[in-house]
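Just so you know, residue 1 is the first one in the sequence shown, and it goes up from there. Ligands are counted one by one from 1 in listed order, and the atoms in each one are counted from 1 as well.
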Amino acid sequence: MHTKTLRELADGLDSGQFSSEELTRHFLTRIAEHNPTVNAFITVLEQEAMAQAKAADARRSSGRASILDGIPLAHKDIFCTAGVRTSCASKMLDNFIAPYNATVVEKIASAGMITLGKTNMDEFAMGSSNETSWYGPVRNPWNTDCVPGGSSGGSAAAVAAGLAPASTGTDTGGSIRQPAALCNLTGLKPTYGLVSRYGMIAFASSLDQAGPMTRTAEDAALMLQAMAGFDDKDSTSLKRDIPDYSASLNDSLKGKVIGIPKEFFAEGLSDEIATKVRDALAEYEKLGATLKEISLPHSHLSIPCYYVIAPAEASTNLSRYDGVRYGHRCDDPKDLADLYTRTREEGFGDEVKRRILVGTYALSAGFYDAYYRKAQRIRRLIKQDFIDAFKEVDIIAGPTSPNPAFGLGEKVNDPLTMYLEDMYTIAVNLAGIPALSLPAGLVDGKPVGLQLIGKDFCEAEILNAAHQFQLVTDWHKQTPAAFA
Ligand code: GLN
């Protein structure tokens, strides 16, 4: 049951092959067995999940179940879950019980899905390796000496190890796509504004988007259907008609033009990833698409631009953790200044502190124009690169990450090297457009991701392209032997 897709599980529930209670119990048993190795979950919700499963079975037997009803999943611990610890993998929020549900959690629950638990992540979603978590690193099920990617590393490892059939993630600079690539999943970052950010703990508000992490594009379409939609509780949520994301999955790719940015195949890309990605692109030619070289001339500026904007937004967003309202509070503060400084000193880890320092500096009087305003201007140029490219092509494709999964501890003390892991994903967040990563092969037993980037609100188009690839390849069906 744990290697099946959501679509297959829905069929199994429908035909009475198994009940939601059996299915949920199966995943809880696997979590108990394997989570000590991978550390994908911060919190497991055994009793709650079993109660939800029972209710789902009742709905199904009375004929009231929708497609995802009764199927379990795991939520990244960045989404507020009412009555349940929501830690963002930080000591700061280790004792925080959310008083309400994030809209994403609410919508997925109303689709009938069962919450197995909350997944591990980089602290406040800052990282590309899931090593900055207060709850310890997550291990990659494909090679437990390696990182699963980050920041949604727990969500990725949970699905890859067969501890959940799907999960939610968030992507500010690559945190859905990069761990999806490193763990052999399909991970989708939607257009900014498509999925509500209400109740999703903020990192960099103009970049953060929630999305699904699944085995297949078909499953991602089902999950996105449940997650997307206008929310008046999020001021950046967009009012739009939501298409049926599954309806166009079988459309032919004949005549589609796929743009290949030459900057994505230049310095920094490992040879083995380049080869696998080129093989995948050749597959698209067989499917009837035309490849066309394009240029995204400002893409080399995306990392410096992001590392001004994201820390600036983070420094303001994280100012709320002051020891007064919620979360960690230091013992016996001498005065208010001591309360603030000691609480924050104790509550945040090194990477979070580094971001707050950089962001506060970039926003300070005298430096604002030199850094923040300049970065915003570059952001506009990066967006313009995509607008221009999409005049000539339907989809843009390239690698998701420059390297396969790297060793635990290998990059964690070298922030600049770590930041380069997102060199192909960050521009997409700066531009606000949708992109997904899908499995495109293995090198030395480690997964490689292919990234497909779409125009604003063209999720259906990239899901279609991913599904067509998955109909003629079986990389997405591979699972790590140690977790069979
Ligand atoms: N790795 C990037 C960072 O550390 C992106 C993280 C994310 O997408 N949440 O900022």
May I ask you to say whether Arg7 pairs ionically with Asp219, meaning some side-chain N is under 4.0 Å from a carboxylate O?
no

Hey, can you pull the donor-acceptor pairs under 3.5 Å for the side chains in residues 154-162, sequence neighbours left out?
residue	atom	partner	partner atom	Å
Ser155	OG	Thr119	OG1	2.8
Ser155	OG	Thr168	O	2.7

With a 4.5 Å limit on heavy-atom distance, are the side chains of Asp77 and Asn120 in contact?
no

In residues 188-197, what donor-acceptor pairs under 3.5 Å come from side-chain atoms, sequence neighbours left out?
residue	atom	partner	partner atom	Å
Lys189	NZ	Ile433	O	3.1
Thr191	OG1	Phe457	N	2.8
Thr191	OG1	Glu459	OE2	2.6
Tyr192	OH	Arg197	NE	3.3
Tyr192	OH	Arg197	NH2	3.3
Tyr192	OH	Ser205	O	2.6
Tyr192	OH	Thr236	OG1	3.4
Ser196	OG	Tyr198	N	3.0
Ser196	OG	Asp231	OD2	2.5
Arg197	NE	Thr236	OG1	3.4
Arg197	NH2	Thr236	OG1	2.8

Which donor-acceptor pairs under 3.5 Å do side chains of residues 353-361 form with protein atoms, sequence neighbours excluded?
residue	atom	partner	partner atom	Å
Lys353	NZ	Glu345	O	2.7
Lys353	NZ	Phe348	O	3.3
Arg354	NH1	Glu351	OE1	2.3
Arg355	NE	Glu351	OE2	2.7
Arg355	NH2	Glu351	OE2	3.1
Thr360	OG1	Ile356	O	2.6

Should the ring pair Phe390 and Phe386 be called parallel, tilted or perpendicular, given that the plane angle runs from 0 to 90° and is split at 30 and 60?
parallel

Listing by chain and number, which residues have a heavy atom under 4.0 Å from ligand 1?
Ala125, Met126, Gly127, Ser128, Ser151, Asp171, Thr172, Gly173, Gly174, Ser175, Phe203, Tyr306, Tyr307, Arg355, Asp422

